[in-house]
Amino acid sequence: MTDALLATAWTLEEPEDALAPERVPSRPRASVIIPAHDEAAVILRTLAPLAAAARAGALEVIVVCNGCSDHTARVAATVPGIRVIDTEIASKSHALNLGDRLATAWPRVYLDADITASSAALDAVAALLASDGALAARPAARYDTRAATWGVRAYYRARSRVPSLHRAMWGAGCYALSRAGHARLGAFPDAIGDDLWVDRLFEASEKAVVAVEPVVVRTPRTLPALLAVTRRAARGSAEAAPGGVDGSTVRTTLDELARSVRGPRTALDACVYLAVAALARFGRARPGGWERDDTSR
């Protein structure tokens, strides 16, 4: 990002849910921790819906820039009310733990830097965790496939028809923990899939997906990019379950996928989903770095 663009980066309009002074709480309703590695191109898109609440003190928003080689920290710092931390260690788990050490409010919301979530949605999740007894929760999610190729769209159409995948903490790029839920976690391990790790700490009765304005997950645009991030997720799943992937979970997904087939198109979608999942699992043990989708950035 050029200096000229940086100088004019914060020109976004005020969100409609900006807080009036008389509605500002005495302390933040939640802390939002955003780990960011080379996210200068998208970080403003993520911060824009949270800016008014952060400036008013309703949300504590902490961006932890980890090992960035671009201007992520400088861009994030243009948004009033946002706390920006810059660390040379390029590690998501380190960034999450660092954000935790600096955060002051509960519950804790962990938001990926390329995910768009409204402050109202995060407020609803925080309210549920503060009153309902759930230990982990997230907003509903919507997959934005408008820029994707047909194969990627087919994969996500099939995925959207598998009910069990909508009840997990992973896959949305956003989840939250109550103080008691975080106590069970302790600290984030040096693991590939933090959301997968968190999801497996809790029973189904301890987790909730809140029916609010969905967070927006912009999907990979191409099948190779989708396969890369799905392979990373498969490696993360294997890492979070050292005893092996739960066979009952796989059977549930397959059964639900089979029941979702209603004709030729849904059958083709299911075949694409199965092919991507199989290729990802086959390649999960390959050595390599962090597979990242840059096509949606």
Side-chain angles (χ1 to χ4, degrees), residues 30-35 91-100 103 106-112 115 117 122 125-126 128-129 132-141 143 159-160 162-210 215 217 228-257 273-274 276-278 280-286 290-292:
S31 289
V32 184
I33 298 170
I34 305 175
S91 164
K92 185 178 183 182
S93 59
H94 174 76
L96 292 168
N97 287 321
L98 180 56
D100 261 338
W106 295 96
R108 297 281 162 81
V109 179
Y110 304 95
L111 178 65
D112 285 355
I115 302 298
L122 300 189
V125 171
L128 181 137
L129 287 173
D132 187 67
L135 301 180
R138 68 166 174 86
Y143 292 98
R159 193 188 191 286
S160 69
V162 178
S164 61
L165 299 182
H166 294 278
R167 297 191 289 267
M169 293 297 99
W170 55 269
C174 178
Y175 60 89
L177 297 175
S178 68
R179 186 190 291 266
H182 194 280
R184 186 177 299 179
L185 168 68
F188 287 94
D190 186 14
I192 296 170
D194 58 286
D195 50 0
L196 287 161
W197 192 277
V198 165
D199 183 72
R200 293 183 179 182
L201 290 175
F202 304 100
E203 300 295 333
S205 61
E206 299 175 314
K207 299 180 288 190
V209 175
V210 186
V215 300
V217 181
V229 297
T230 308
R231 181 178 292 124
R232 186 189 73 211
R235 289 196 293 122
S237 181
E239 186 178 55
V245 177
D246 187 351
S248 63
T249 301
V250 174
R251 286 192 297 273
T252 297
T253 301
L254 292 175
D255 289 345
E256 291 177 346
L257 189 64
Y273 182 91
L274 289 172
V276 171
R281 179 166 297 183
F282 176 77
R284 69 178 183 271
R286 293 179 183 176
W290 180 275
E291 297 95 335
R292 164 174 156 143

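Positions are given from 1, in the same order as the sequence printed here.
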Problem - Residues R138, D199: salt bridge by 4.0 Å N-O rule - result: no
Fill in the blank from the handout: side-chain contact (heavy atoms from CB on, under 4.5 Å) test vs P107 passes for just one of V32, L129, L128, namely L129
With sequence neighbours left out, what residues match [X] under side-chain hydrogen bond (donor to acceptor under 3.5 Å, both in side chains)?
X	value
Y110	D100, H182
S160	none
Y143	R159

Problem - Residues in salt bridge (Lys or Arg N to Asp or Glu O under 4.0 Å) contact with R184, at least two apart in sequence or another chain - result: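 In terms of salt bridge (Lys or Arg N to Asp or Glu O under 4.0 Å), with neighbours along the sequence ignored, R184 is linked to E206.
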Problem - D194 and Y175: CA distance, side-chain angles, deciding distance, side chain to side chain contact (heavy atoms under 4.5 Å, CB included) verdict - result: CA-CA 10 Å; D194 58 286; Y175 60 89; 2.7 Å; yes
Minimum heavy-atom separation for [X] and [Y], please, with both atom names.
X	Y	value
A30	A126	CB-CB, 3.9 Å
C174	V109	SG-CG1, 4.0 Å
A172	V215	O-CG2, 3.7 Å
P139	L122	CG-CD2, 4.3 Å
G99	I33	C-CD1, 3.4 Å
P35	K92	CG-CE, 3.9 Å

Could you state the interatomic distance from [atom1] ([X]) to [atom2] ([Y]), rounded to the nearest 0.5 Å?
X	Y	atom1	atom2	value
L96	R108	CG	CZ	11.5 Å
I192	R231	CD1	CZ	12.0 Å
D255	S164	CG	OG	9.5 Å
L257	T252	CG	OG1	12.0 Å
I34	I115	CD1	CD1	11.0 Å
R167	K207	CZ	NZ	9.5 Å

Handout entry: All side chain to side chain contact (heavy atoms under 4.5 Å, CB included) counterparts of N97, not counting sequence neighbours
Key =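 R101, A187, F188.
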Exercise for the section: For side chain to side chain contact (heavy atoms under 4.5 Å, CB included), just list the numbers for L254 and L274, CA-CA rounded to whole Å, side-chain angles, deciding distance to a tenth of an Å, and then say yes or no. Expected result: CA-CA 9 Å; L254 292 175; L274 289 172; 3.5 Å; yes
Exercise for the section: Return the set of residues passing ring-ring contact (aromatic ring centres under 6.0 Å, His included) with F202 (not counting sequence neighbours), or none when no residue passes. Expected result: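 With neighbours one apart ignored, the set is empty.
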Practice task
Show the numbers, then the answer: is there a side chain to side chain contact (heavy atoms under 4.5 Å, CB included) between L177 and L185?
Solution key: CA-CA 9 Å; L177 297 175; L185 168 68; 3.8 Å; yes
Handout entry: NZ or CZ of R200 within 45° of W197 ring axis and under 6.0 Å
Key =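 Not satisfied by the 6.0 Å and 45° rule.
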